[in-house]
Structures are given as C-alpha cells and as structure tokens.
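Every chain is numbered from 1 and lettered A, B, ... according to where its sequence line falls, protein lines coming before strand lines.
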There are 2 protein chains.
Amino acid sequence: MAKRAANGSAQSPRRTDSLSRELIIQTAIEILDSDGESALTLRALTVRLKTGYGAIYHHVADKGDLLAAATDDVITRVLSGTATAAGPRDTLRLLAQGLFDAIHTHPWVGAELSRQPWRPALLDFYESIGRLLDALAVPERARFDAAGTLLNYVLGVAVQNAANARHLIGRDADREAFLNTTAARWAQLDPARYPFVHATVTQLREHDDREQFLAGIDIFLAGIAALRQK
Amino acid sequence: MAKRAANGSAQSPRRTDSLSRELIIQTAIEILDSDGESALTLRALTVRLKTGYGAIYHHVADKGDLLAAATDDVITRVLSGTATAAGPRDTLRLLAQGLFDAIHTHPWVGAELSRQPWRPALLDFYESIGRLLDALAVPERARFDAAGTLLNYVLGVAVQNAANARHLIGRDADREAFLNTTAARWAQLDPARYPFVHATVTQLREHDDREQFLAGIDIFLAGIAALRQK
DNA sequence: ACCTGAACACCGTTCAAGT
DNA sequence: ACCTGAACACCGTTCAAGT
C-alpha cells in the first residue's frame with residue numbers, strides 16, 4: 001500500500017496536488033519577487049497555498065530555513081545557467097554578470113545572502129571563483145585571499161542593490177527619480193566639506209549599476225594580475 | 001518662563017537627568033554590543049532607561065531611526081578617530097582598518113549598513129575614499145567607479161563579519177571552534193566536486209580575518225594603479 | 001503521514017491620560 | 001513639553017485535534 005501511494009495514483013486524500021517543500025519554496029519566491037521581503041509572512045503563504053500553518057512547518061523548519069532555501073534556489077540556477085566563455089577571465093565576468101542580474105531580478109537575495117554565512121549556494125559560488133582564479137594562474141598561496149576578496153565584493157554589491165530596491169518599493173518613484181533626488185541632495189551639500197561627492201554628482205545621475213559593478217570586477221582582476229607579477 | 005526652563009534649573013519634574021535622544025542611542029548601542037541585534041527591543045529599552053514607550057518615541061521616530069542613528073554614531077567615531085598617515089595609500093589602509101575594527105567590536109553595524117543606503121555616515125566614508133583616490137592621482141573619470149568598488153568591498157566584509165558574529169552569539173563555540181567545525185565540514189566535501197574548497201581548508205583554519213581584509217584592499221589598490229597606467 | 005486553525009508569546013507602535 | 005502604560009495590530013511558532 002505504501003508502494004502504491006508512492007506511485008502517486010492511489011488513495012488521494014482531497015487535493016490532487018499535495019503540498020511539497022518545493023512548492024512552498026517556489027510560492028515564497030513569487031511573493032518575494034512581486035511584493036518584497038516584508039510581504040513574505042506565514043499568513044500570506046497559507047492563503048496563497050490554501051493550507052494551514054502546520055502544513056508548512058511540516059515541510060520547512062522555520063522561516064529562516066525557507067528564506068535560505070529560496071536563496072539557494074536562485075543562486076544555484078545562476079551557477080548552472082552560466083555559459084563558459086573562451087577564457088577564464090571572460091567566464092569569471094559572465095559568472096559575475098549572471099549573479100548581478102539574478103540579484104537585480106530578486107533583490108531580496110542580496111539581503112538574505114548577508115544573513116546566513118556559507119550556505120551551500122555560496123560555497124558553490126566560492127568554488128567556481130577559486131577554480132577560475134586557478135585557471136588565471138593565481139598562485140595557490142594568493143588564491144585564498146583573492147577568492148575571499150572577490151566574494152566579499154560581490155556580496156557588498158548584492159547588499160547595496162537589495163537596499164536600493166527596498167527603498168524604491170512602495171514609493172511612486174522609480175530608479176531614475178531616486179537617482180535624481182539623491183543627486184539633488186548631494187548637490188546641496190557643502191562643497192567645502194564634500195568636494196568629492198560634489199564632483200561626482202553628474203556621474204551618479206548617469207551611471208549604470210551593472211557597468212559599475214563590472215568595472216569593479218575589472219579593477220579586481222587587474223589587481224590580481226599586478227600582484228601576481230611581483 | 002520658557003527661558004528659565006531652557007536654562008535648566010527651574011521646574012524640574014522628578015528626574016534630575018531627563019531623557020534625551022543621545023542617551024537613548026548610547027543605551028541602544030550598549031544593548032546591541034552586549035547581547036546582539038535581537039536583544040534590542042523597545043521593551044528592553046524602556047526597562048534599561050526606566051521609562052515608558054512614548055518617552056522613547058518622543059525622541060526617536062521609530063526603531064529604524066534608532067538603529068540608523070546608532071550606526072552613524074559608530075562610523076562617525078571611526079572617521080574622526082583615524083589618523084592621517086604619511087601617504088594617501090597608508091591613510092586609506094588606516095581608514096579601512098579602523099572601519100574593520102569598529103565592525104569587529106560592533107558587528108550589528110555590518111547588518112545595519114546593509115539596510116539604509118547612503119546614510120550620512122556612509123556618505124562621509126565615501127567622501128574620504130574619494131579624496132584619498134584623488135591624492136593617489138586616480139583620474140577623475142575613473143574615481144567614481146573606484147570609490148564605489150572600494151565601498152562595496154568594505155560593505156561586503158562588514159556584512160560577512162556581522163553574519164559570522166551573529167552565528168557565534170548564543171553558542172558555546174568561539175571563533176576558533178567555529179572555524180574548526182567549518183573546516184571539518186569542508187574537508188568532508190567531495191574533492192572531485194569541490195577541489196578548490198578542499199585545497200583551501202588549511203588556510204581557512206589559519207587565516208586572520210583582518211589580514212585577509214587588508215589583502216583585499218591591496219588587491220583593489222593594485223588594480224586601480226594598474227588601470228591608471230593604461 | 002499530512003493537514004487544520006485556534007492559541008500563545010512576543011514584537012513595534014499608538015494614544016488618551018497624566019504631570 | 002515630556003512622560004506613562006494599557007491597548008492594538010501583527011508577527012512566527014506550537015500543538016491538540018482531525019483525516
């Protein structure tokens with residue numbers, strides 16, 4: 001009887017599709033993407049899944065577990081979806097781009113990555129970085145620091161993106177309006193006290209987040225190459 | 001009468017020292033430092049300050065405002081406390097070190113920095129970076145990307161530090177025990193699937209967070225210098 | 001085995017009432 | 001002007017009871 005139930009056709013209580021961990025995670029991702037982190041409540045999940053609280057806790061340890069699993073899901077898709085380019089340098093850039101785009105689509109991932117250190121997904125990303133640095137002929141001794149630095153940089157960008165996205169949600173303002181108000185505020189600062197910020201206002205208004213992120217990757221790669229030659 | 005009250009000696013309700021925004025912020029910092037982010041509740045504040053909820057909300061907009069103010073306070077102290085070294089390169093390293101040490105002492109700052117983008121304190125830090133890059137002869141066009149990259153890296157490290165500290169609180173494990181268990185887990189991973197992580201286990205166990213952070217700063221500085229020459 | 005939903009403990013925040 | 005604390009709305013989580 002247990003075998004027949006495992007085959008999927010027998011018994012069938014009342015729902016044709018029973019609840020599963022995977023379904024819960026996917027539904028959580030939908031809520032997070034459409035309405036932001038604060039919208040993901042256990043209540044909202046029970047409504048969307050037409051179930052009770054206990055049913056969810058039967059498949060998921062707690063809310064932290066759910067958020068972590070959703071994050072792992074997104075990151076894993078990035079890693080498996082990244083094409084390998086001609087050289088390790090371009091592959092690393094593609095990988096970084098893929099992660100940037102994923103966090104752009106799912107800003108909550110940036111916030112979640114900052115909560116649980118060394119989740120499996122982050123470990124896979126770290127492994128990918130390490131291998132590519134190996135291919136780039138970074139000596140073993142320097143590879144540990146280099147991989148950690150790159151991971152921290154990517155994480156910092158992810159977190160900033162998440163913070164920016166959070167501040168846009170629920171406002172009538174879009175990205176451009178946000179940049180304009182920020183630029184206007186910067187322009188009003190005392191030029192004597194904030195000369196650099198002042199000089200940078202135009203670039204703030206015109207810059208592209210993705211391009212700036214990749215510029216940072218290039219700085220890092222140039223730094224690796226420079227240190228390697230010593 | 002209003003004037004006399006402002007002079008501070010008249011009327012005097014019942015407490016000799018009245019509540020102030022500054023006192024609330026300092027008390028919040030004490031709670032955060034000793035017991036972590038989750039310990040800072042409005043309830044805990046009222047108990048510690050021997051007051052009611054409304055009194056706190058009279059000086060502070062909400063909990064977010066309080067956390068942001070506490071973070072600003074810590075960062076501002078770092079900036080004003082950093083000595084200027086011989087050259088801009090060393091000054092920049094000192095500044096980074098100061099920030100690292102501050103976040104080491106107040107891990108919750110790392111988490112908070114990731115919540116509110118472009119707080120005043122972060123703007124001051126950004127300004128400092130920009131000026132030092134100017135002193136390092138980084139051309140104006142490249143300075144914007146370079147400063148952003150450096151800021152994102154520092155932010156990433158801050159966030160990772162906060163996450164690690166959070167996972168140590170409430171456990172009997174200290175940092176060394178945590179590193180050992182993590183290293184043990186890494187060592188058990190499939191070497192065919194995680195060759196880099198495997199090769200790096202020893203360095204994980206022996207590394208110093210502060211040194212690795214500074215190694216990252218050096219990588220970026222080398223990269224900035226290399227790109228400048230093109 | 002899996003699900004239901006009332007109940008619980010605990011948040012941040014408000015506000016009528018005090019001084 | 002500043003403070004008090006009961007009350008409110010809303011969390012995540014549990015658990016006895018159902019199928």
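- Rounded to whole Å, the distance from CD1 on B:I56 to P on D:dT4 is 9 Å.
- Using modelled atom types, one finds no donor on one side chain facing an acceptor on the other under 3.5 Å when comparing A:N164 with B:W118.
- Applying a 4.0 Å cut-off to non-hydrogen atoms, the residues of residues 32-46 of chain B that approach DNA chain C are B:L40, B:T41, B:L42, listed by residue number.
- As rounded to whole Å, 10 Å separates atom P of D:dC3 from atom CG of B:L23.
- Considering only the side chain of B:Y57, C:dG12 comes nearest among D:dC3, C:dG12, C:dC3.
- With respect to A:E30 and A:R48, a salt bridge is recorded, a charged nitrogen being found less than 4.0 Å from a carboxylate O.
- Here A:E37 pairs with A:R115 in a salt bridge; the nearest charged N to carboxylate O distance falls below 4.0 Å.
- A salt bridge is defined here as a Lys NZ or Arg NE, NH1 or NH2 lying under 4.0 Å from an Asp or Glu carboxylate O, and B:R21 with B:D65 meets this definition.
- Of all the residues in residues 62-71 of chain B, not one reaches under 4.0 Å from DNA chain D with any non-hydrogen atom.
- With both pairing distances under 3.5 Å, D:dA1 is matched to C:dT19 as a Watson-Crick or G-U wobble pair.
- Nucleotide D:dA6 forms a Watson-Crick or G-U wobble pair with C:dT14, both donor-acceptor distances falling under 3.5 Å.
- Under 4.0 Å is where a charged nitrogen must lie from a carboxylate oxygen, and between A:R77 and A:D72 no such pair does.
- Note: NE2 (B:H58) to C1' (C:dT14) measures 14 Å, nearest angstrom.
- Every residue meeting the salt bridge (charged side-chain N to carboxylate O under 4.0 Å, His left out) condition with A:D101, not counting sequence neighbours, appears here in chain and number order: A:R210.
- Side-chain contact check for B:T105 versus B:D33: every heavy-atom pair is 4.5 Å or farther apart.
- Ionic pairing of B:K63 and B:E112 is not present here: no N-O contact between side-chain nitrogen and carboxylate oxygen is shorter than 4.0 angstrom.
- Summary of the strand contacts: B:G54 and A:Y53 both lie near DNA chain D, and taking for each the nucleotide with the nearest heavy atom, the more 5' one is attributed to B:G54.
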